[in-house]
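So the structure is just underneath, and the comments pick up after that.
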Amino acid sequence: MVMISTHSVDRGSADFRRHTTAVPQADASARIALTSGRLERIPNLEEFLGQRAEFASRIRSQHTAVAGWGAKPSGLRARAMAGANLPFMLLEDGFLRSVGRSDPPLSLVVDDLGIYYDATGPSRLEKLIAEPLTEAENLRAGKLMALWRDGRVSKYNHARDYDGALPPRFVLVCDQTYGDASVAGGLADHESFQRMLDAALAENPDCTVLVKTHPDIITRNKRGYFERAGLQRNPRARIIAEACHPVRLIEEAEAVYVVTSQIGFEALIRGKPTRCFGMPFYAGWGLTCDELPFPERRGRATLAQVVHAALVSYPRYVDPETGRRSDAEKAITFIARQRQMRERFAPRVYALGFSRWKRPILKRFLSGSEVRFERRASRIPPNSTVVLWGSHVPQLPEGTRTIRIEDGFLRSVGLGAELAQPLSWVCDDLGIYYDASKPSRLEDILANVKFDAATLERAASLRKRILEAGLTKYNADTAAWQRPRGTRRVILVPGQVETDASIRYGTAAIQTNLDLLRAVRAANPDSYIVYKPHPDIVAGLRKPGETENSVPPFCNEIVVAADMARLLDKVDEVHTLTSLTGFEALMRDVPVTCYGRPFYAGWGLTRDMTVVPRRQRQLDLDALLAASLILYPTYVSRSTGVFATPEQATAELIGWRNRGPGKPSRWRQAWRAFLRLGQLFPSRHHMGGLTFMPRGNSHVRR
């Protein structure tokens, strides 16, 4: 085995300045000159650099610095153009770049001395590594390493972990793309790779030597340094040629062998002995077993010094959700969330029965899995994972696993039936939340998850934000409603689409809006009952129940259009079958009586007229919200198209609502007209002599 010493010594009080590349103060028209037009296309470049930047040939005003890309020709031009009078900046991707290789970078390094992978000369990173750390910086570096390990992150993070069988004992050897600048810059060449392989075989006679190819060799048809045929002739060598995430390979390896690959840095973070056959930025500090003599500029440093310099002091980060400057912790957390969400389901799934409009949305919500759309269940292979909308029950092949998709509880500004883009869907691998006849993933969370204090506190904060903003599922209505004068108790009865699956699978004896109102009136003869028809029916997008025109005698008022959040603030109780309005009422401390079995009933928070025997646990409101708004749904940002937190989705909903839904596209207008025609129901509705127009005012019957 390779034994690596991690002994470090004090560096003294070397007074190197922190990495804030100096740019002379200038007027607002000043620019950083870029030596390549391609650099202008880097998203958020101005935020990374802290100043506007423009291709040098177009600058007509003063420029304060010159920037190019690393050791590429543009970087050489930047050095030459800067001369002795201006600072230069060499840019490169950071060590925690992005999820996908083509995604905008989350981090860039900006070096005013050289570039980190060029060991032939000094770099700002070298200077930063040599600086002693304060107690707080040491602590931060340790927490960052733990966050890195727990988040299972790397430089690129789109690929899944290797899921094949691994040898019981192995060492990991890392190939790189042929001609990569970090190889020559790291004082190595193609012979270094052969020496690395020979050493791995000789130094580990009882281990398999696992050779991991660089992902660009697989995905971009680039060439590596190892010839596959030669490796296959060696009985102790095995090739990992898949474009896989390296974390599992690093975790299970007994040692890691690199020339200059960043995997060596990640191996150090994971406590693995690391052998270097080039001179990457993390070598030459006493942390690695180095084949080459290290430059005199380097000496001894702790792993915390290397990590703090490489992840904190040297790179600059931008939050992909806001486009503003960020930090390493937020970048790791963001990438870890993307990785977790991308690996929830099988690498390949089959989607059955999705409309063309929903297909691109489904791909976003199932990012990380290849989605294949099929029209017929007979074309789906056995033992596959199949994605279905809602409660659809087709005849599926043997061994099929299902994922059911439905709208989430904080969805959009505008109705789903009108094709408003969703911010949240739920992806349920057990059932679906509105089907009380069998367990769902949400019910499983509510029944079994132990909610820790941090999650409950997060749920409480999310609830506060939602209530302050007055958010509901659709956020479509803005009309106000006035509570009637007097002291009578006001009960809100939300109408539902009677053909909806939540009625079929979530109700018992009472299954229509009319029967619900009859029951509410019978139990509350002196109350003021407000009935609000479902917005899809008001908009003419869904067909009303056959007895809907008979509801007026059992209510005091029909509210056609009113902002649900403000309406709930003015009523005393909500009585419902399975409507999400009951959930939204609980959030506002409004008592709820359930005549059906919605997902939020049966946990001790509602008065239940029917029961679900499986639901025995007593929960508080924060636990219900933690399950329903944090742990169960999937959120996808409208601005970035990637997985978002419920907090980010809430912020986007607020901004979306404040801007207004905007003019619907011609496609959405045509779809709405088609739905109306399909219901054979005019836009003018009649209910017991009360005529109301979509989005009109409420009409009162006393």
Side-chain angles (χ1 to χ4, degrees), residues 17-23 32 34 39-53 65 67 69-70 89-112 115-117 123-125 127-129 131 133 136-137 139-158 262 265-266 269 281-282 304-341 637 639-645 647-648 651:
R17 65 180 174 84
R18 288 295 177 194
H19 182 49
T20 52
T21 304
V23 177
I32 295 172
L34 304 174
L39 297 180
E40 283 187 311
R41 298 197 292 271
I42 296 175
N44 303 310
L45 183 62
E46 181 178 340
E47 195 70 26
F48 279 121
L49 298 182
Q51 189 177 348
R52 296 188 66 179
W69 192 259
M89 301 176 177
L90 299 185
L91 313 180
E92 264 287 355
D93 289 326
F95 307 117
L96 189 70
R97 185 197 182 278
S98 57
V99 178
R101 295 185 65 82
S102 59
D103 291 350
L106 299 178
S107 65
L108 284 182
V109 302
V110 182
D111 202 314
D112 61 337
I115 197 65
Y116 71 88
Y117 53 77
S123 70
R124 178 57 58 189
L125 179 55
K127 298 284 189 180
L128 291 167
I129 290 173
E131 292 186 18
L133 299 180
E137 289 170 336
L139 184 62
R140 185 178 182 187
K143 289 182 176 178
L144 271 174
M145 285 188 274
L147 196 62
W148 183 289
R149 291 190 295 266
D150 293 343
R152 302 179 64 78
V153 300
S154 183
K155 182 174 185 177
Y156 302 104
N157 297 276
H158 62 289
Q262 184 181 308
F265 174 59
E266 298 177 21
I269 291 176
F281 72 89
Y282 51 85
Q305 283 175 274
V306 175
V307 167
H308 192 277
L311 297 183
V312 178
S313 303
Y314 190 49
R316 303 177 184 186
Y317 297 89
V318 165
D319 187 327
E321 296 174 336
T322 65
R324 305 304 299 272
R325 285 289 287 271
S326 185
D327 56 33
E329 288 84 354
K330 289 181 181 177
I332 293 174
T333 301
F334 171 81
I335 289 176
R337 181 172 69 249
Q338 302 306 309
R339 285 201 53 77
Q340 179 186 25
M341 297 299 288
S637 167
S639 58
T640 64
V642 300
F643 296 113
T645 62
E647 292 82 2
Q648 175 64 18

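It should be emphasised that the depicted structure is a prediction, and the values quoted were computed from it without experimental measurement.
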Hey, could you give me the CG/CZ distance between Leu49 and Arg316, rounded to the nearest 0.5 Å? 6.5 Å
Heavy-atom distance under 4.5 Å between the side chains of Val109 and Pro315, does that happen here? yes
Minimum heavy-atom distance between Pro320 and Thr640, given as atom pair plus value: O-CG2, 3.1 Å
Test of understanding: with side-chain hydrogen bond (donor to acceptor under 3.5 Å, both in side chains), list the residues that count as partners of Ser639, not counting sequence neighbours. Ser637, Glu652
Rounded to the nearest 0.5 Å, what separates atom CD1 in Ile115 from atom CG in Leu91? 7.5 Å
Using atom types as modelled and distance alone, determine if a side-chain donor or acceptor of Gln338 lies under 3.5 Å from a backbone N or O of Phe643. yes
Note: Ala310 and Phe281 closest approach over all heavy atoms is CB-CE1, 3.9 Å
To the nearest 0.5 Å, how far apart are CG in Leu311 and OH in Tyr317? 4.5 Å
Under a 4.5 Å cut-off applied to non-hydrogen side-chain atoms, are Asp93 and Lys155 in contact? yes
Among side-chain atoms of Tyr314 and Asp111, is any donor-acceptor pair under 3.5 angstrom? yes
Donor-acceptor pair, side chain of Gln305 and main chain of Glu131, under 3.5 angstrom: yes
Just wondering, do Leu106 and Leu96 contact through their side chains at under 4.5 Å, heavy atoms? no
Which residues share a side-chain hydrogen bond (donor to acceptor under 3.5 Å, both in side chains) with Tyr117, sequence neighbours left out: Glu92
Show the nearest heavy-atom pair for residues Ala141 and Ala304, with the distance to one decimal. CB-O, 3.6 Å
Sorted by chain and number, sequence neighbours left out, side-chain contact (heavy atoms from CB on, under 4.5 Å) with Asp327 holds for Arg140, Glu329, Lys330
Looking at CG of Asn157 and CZ of Arg339, how far apart are the two atoms once the value is rounded to the nearest 0.5 Å? 5.5 Å
Quick one: closest heavy-atom pair of Ser154 and Glu266, and the distance? OG-OE2, 2.8 Å
Note: Arg124-Asp112 ion pair, threshold 4.0 Å (strictly below): yes
Looking only at atom types and distance, does a side-chain atom of Arg97 sit under 3.5 Å from a main-chain N or O of Asp103, one as donor and one as acceptor? yes
In a table with atom names and distances, give each donor-acceptor pair under 3.5 Å that connects a side chain of residues 142-153 to protein atoms at least two apart or in another chain.
| unit_1 | atom_1 | unit_2 | atom_2 | d |
| --- | --- | --- | --- | --- |
| Trp148 | NE1 | Val153 | O | 3.2 |
| Arg149 | NH1 | Ile269 | O | 2.9 |
| Arg152 | NE | Asp161 | OD2 | 3.4 |
| Arg152 | NH1 | Glu251 | OE1 | 2.9 |
| Arg152 | NH1 | Glu251 | OE2 | 2.6 |
| Arg152 | NH2 | Asp161 | OD2 | 2.8 |
| Arg152 | NH2 | Glu251 | OE1 | 3.4 |

Would you indicate whether the side-chain heavy atoms of Val99 and Val642 approach each other to under 4.5 Å? no
Please identify each residue that fulfils side-chain contact (heavy atoms from CB on, under 4.5 Å) with Ala651, with sequence neighbours left out. none
Gln340 side, atom CD; Ile335 side, atom CD1 - distance, nearest 0.5 Å: 14.0 Å
Residues forming a side-chain contact (heavy atoms from CB on, under 4.5 Å) with Thr645, sequence neighbours excluded: Arg337, Arg458, Glu647, Gln648
